[in-house]
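Below you'll find the structure, written out as structure tokens, and then a few comments.
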Amino acid sequence: MDLMKPLAVVVALLAVCAAAAEGFDILQILGKHDEFSQFCKLLNETHLAGDINRDRTITVLAVANGDMGHLTSGHYSLGTIRHILELHVVADYYDEKKLKQLSHGATAASTLFQRSGFAPGMAGYVNITQHRGGKVTFIVDDAADSVKPVTFVKQIESHRYDYSVLQVSSVLSSPEAEAPVAPPAPVNLTDLLSKKYCKSFAGLLAADGKAFDTINGTKDTALTLFCPVDTAVASFLPKFKNLTAKAKTAILLYHAVPDYYSMQFLKSNKGKVTTLATTSVAKKDYTYEAQTEADTVTLDTTVTISTIQATVRDDDPLAVYAVSKFLQPKELFKSTTKDLAPAPTPEGPKKKTKKKPSRTSAAAAPSDDEAADGPSADDSVDDADKAAGAERSLLARWVTAAATLAAALALAA
């Protein structure tokens, strides 16, 4: 039996899996090229970069500084600029090779502007055409007759069937995308929380000037706030009152994420969530895991597991969700996560030993000193938790690799 063929298949599959696991950051990719600094800046200011990074099977049509034209003239609002930039994000994969091998020499591709819901009819579609001599052009379906198509210049970077970043000669034009967009009405955070589900949490925030100013100052750029419902605040209040002022501020900031997460994104993604407490408290983690089970989004701090019960607001750049429990960080309370333990081995005659406190006991309020500085558990406990998590992660990766290997050998047989 020729082992080289199945081995080649396995290597190829593992390479694809490894590449798919890599992070995609459009700002980092374009940041390597000074000529795209203005395009990069606008992607960041409109928060479109985050949506691009969270998507897959995507093509970005970047424009060099000298070709940005009216997009940097100051004529458009930030909302309108976002819509124009959305035209430059094609919801499909096109690299240089695919562009020059188009079936029938032309195709129409959907963009993020079409997905946004602001594009009527075919306004959010881009027509891609291959011409003689290898020239490829792009033009928006609703462009005026006087508008000239933009031209493919070069491929900047690509990952096959995943993402591609291409340079085009100028900014795409569309009357619908260029229409004025009114700025969002100012949001009174206290009023918003008080009207729906989170009146008690709003009161805690209002009483903590530092936490409120930090969260309120972030809401107009990008913020996701998980507010415990009133009953959850009431049951946690005795513990909250025993915290120091520093710990109270930290735990309130722990409920705020400096990024906009729509409900759709939360349900389709999982992973570690970085909070405002992370950036406000030195040398502390203050993160938790977000995941979805049976269409229910859960937040696992290792001390508590809370679920999203209702959407208070979901409108970029602000999302507010009512959650079932007060989020308790492991930096302030003892973790209730159970470690994996090996099967017991036969023992000899029992000896009298002093029992050690269980690490899996219920979460307890920290002492004054612990609450002032952060963790209530010692460093060895945190190290053990991390080690156990690493072992489980390693086991999962080996299981995945074994399954991939078996599938590859079956295909190659």
Side-chain angles (χ1 to χ4, degrees), residues 20-25 50 53-54 56 201 215 218 222-229 232 236 247 250-281 283-311 314 319-341 359-364 374-377 379 381-400:
E22 294 176 358
F24 169 57
D25 189 333
N53 293 342
R54 290 189 284 265
R56 277 298 175 267
F201 187 72
I215 293 174
T218 311
L223 176 69
T224 300
L225 184 63
F226 299 107
C227 65
V229 294
F236 181 73
I251 201 171
L252 292 175
L253 293 176
Y254 188 60
H255 289 74
V257 178
D259 200 352
Y260 166 71
Y261 292 149
S262 66
M263 178 59 75
Q264 180 182 3
F265 174 75
L266 287 172
K267 287 185 176 182
S268 59
N269 293 268
K270 63 180 180 179
K272 182 177 288 188
V273 175
T274 300
T275 68
L276 283 177
T278 307
T279 56
S280 302
V281 183
K283 298 180 181 179
K284 304 298 179 185
D285 186 34
Y286 282 108
T287 62
Y288 39 85
E289 294 288 329
Q291 57 187 354
T292 302
E293 297 180 2
D295 207 39
T296 299
V297 179
T298 62
L299 308 174
D300 187 353
T301 74
T302 75
V303 179
T304 54
I305 296 179
S306 185
T307 61
I308 293 181
Q309 294 191 324
T311 299
D314 184 0
V320 181
Y321 303 106
V323 295
S324 61
K325 293 182 180 179
F326 212 100
L327 301 179
Q328 300 178 41
K330 60 183 180 298
E331 286 75 15
L332 296 176
F333 300 91
K334 293 179 180 178
S335 173
T336 58
T337 300
K338 294 182 179 180
D339 296 330
L340 295 177
R359 284 173 48 205
T360 57
S361 59
S376 62
D379 293 337
V381 172
D382 289 339
D383 291 341
D385 287 339
K386 291 177 181 177
E391 290 174 3
R392 293 192 293 271
S393 178
L394 180 60
L395 176 59
R397 290 199 297 269
W398 276 110
V399 170
T400 301

Identify the heavy atoms of [X] and [Y] that sit nearest to each other, and give their distance.
| X | Y | result |
| --- | --- | --- |
| Val273 | Ala290 | CG2-CB, 3.7 Å |
| Lys330 | Thr287 | NZ-O, 4.1 Å |
| Ala250 | Ala277 | O-CB, 3.4 Å |
| Tyr254 | Leu327 | CD2-O, 3.6 Å |
| Ala232 | Ser324 | CB-O, 3.3 Å |
| Ser280 | Leu253 | OG-CD1, 3.6 Å |

Is the closest side-chain heavy-atom distance between [X] and [Y] below 4.5 Å?
| X | Y | answer |
| --- | --- | --- |
| Asp285 | Glu331 | yes |
| Val229 | Gln309 | yes |
| Phe236 | Ile251 | yes |
| Cys227 | His255 | no |
| Lys272 | Tyr288 | no |
| Ile215 | Leu223 | yes |
| Leu225 | Tyr321 | no |
| Thr304 | Phe326 | no |

_Any side-chain donor near an acceptor of the partner, Thr307 and Thr296, under 3.5 Å_ = no

Look only at the side chain of [X] and the backbone of [Y], and say whether a donor-acceptor pair between them is shorter than 3.5 Å.
| X | Y | value |
| --- | --- | --- |
| Thr301 | Gln328 | yes |
| Thr278 | Thr274 | no |
| Thr224 | Tyr261 | yes |
| Thr292 | Asp295 | no |
| Asp314 | Met263 | yes |
| Thr275 | Val257 | no |

_Reported CD-to-CD1 distance for the pair Glu289 and Ile305, which is rounded to 0.5 angstrom_ = 11.0 Å

*Interatomic distance, Asn53 atom CG to Asp25 atom CG [nearest 0.5 angstrom]*: 4.5 Å

*Stepwise salt bridge (Lys or Arg N to Asp or Glu O under 4.0 Å) test for Arg54 and Asp259*: CA-CA 12 Å; Arg54 290 189 284 265; Asp259 200 352; 3.7 Å; yes

